[in-house]
Amino acid sequence: MKLIMKTEFDNLRLNPLHNYETDSNGEKQVVKIYCGELLIAKKLKQKKSLRFFGVNGYEKYLTKEDE
């Protein structure tokens with residue numbers, strides 16, 4: 001997985017074809033986005049750190065936005 005931008009993560013999360021789940025453990029929170037059974041992205045929030053990750057080739061799961 002590699003770092004991606006928040007806007008790309010939000011695009012993947014808001015896609016109605018994708019499912020996501022949230023897991024919290026103390027100060028650590030993880031949000032995972034799936035396309036079917038395949039994990040395509042995750043958000044890791046720990047204390048004040050917030051990072052977004054996508055699998056290689058995550059771009060093909062992005063939806064086009066109207067400009």
Side-chain angles (χ1 to χ4, degrees):
M1 294 199 133
K2 61 182 181 176
L3 286 170
I4 62 174
M5 295 187 305
K6 180 186 185 308
T7 54
E8 294 172 317
F9 182 84
D10 289 340
N11 181 304
L12 294 169
R13 183 178 53 82
L14 296 173
N15 186 332
L17 300 175
H18 301 157
N19 301 316
Y20 67 94
E21 66 180 38
T22 304
D23 183 26
S24 296
N25 185 1
E27 293 184 13
K28 185 176 179 181
Q29 180 186 28
V30 180
V31 177
K32 296 178 182 177
I33 300 176
Y34 296 93
C35 181
E37 297 289 318
L38 179 66
L39 175 67
I40 56 174
K42 69 179 178 179
K43 173 176 82 170
L44 179 60
K45 181 178 181 181
Q46 193 169 15
K47 295 186 180 181
K48 294 183 180 181
S49 174
L50 185 60
R51 288 182 269 168
F52 304 92
F53 299 93
V55 296
N56 291 334
Y58 74 93
E59 295 90 351
K60 66 182 177 184
Y61 298 105
L62 293 172
T63 57
K64 300 216 185 278
E65 297 182 8
D66 297 335
E67 296 181 9

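Model, not experiment: these values are computed from the prediction.
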Shortest non-hydrogen contact between S49 and R51, atoms and distance
OG-NE, 3.5 Å
Just verifying a value: how many Å separate D10 CG and L62 CG, rounded to the nearest 0.5 Å?
11.0 Å
Please tabulate, one pair per line, all N/O donor-acceptor pairs under 3.5 Å involving side-chain atoms of residues 15-42, not counting sequence neighbours.
residue: N15; atom: OD1; partner: L17; partner atom: N; Å: 2.9
residue: H18; atom: ND1; partner: L12; partner atom: O; Å: 3.0

For Y61, which residues count as a ring pair (Phe, Tyr, Trp, His ring centres under 6.0 Å) partner, sequence neighbours excluded?
none
Do M5 and L50 sit in the same hydrophobic cluster, where Ile, Leu, Val, Met, Phe, Trp and Tyr count as joined when their side-chain heavy atoms come under 4.5 Å apart?
no
Short N-O contact, E59 and K2, less than 4.0 angstrom:
yes
If the condition is ring pair (Phe, Tyr, Trp, His ring centres under 6.0 Å), which residues does F52 pass it with, not counting sequence neighbours?
F9
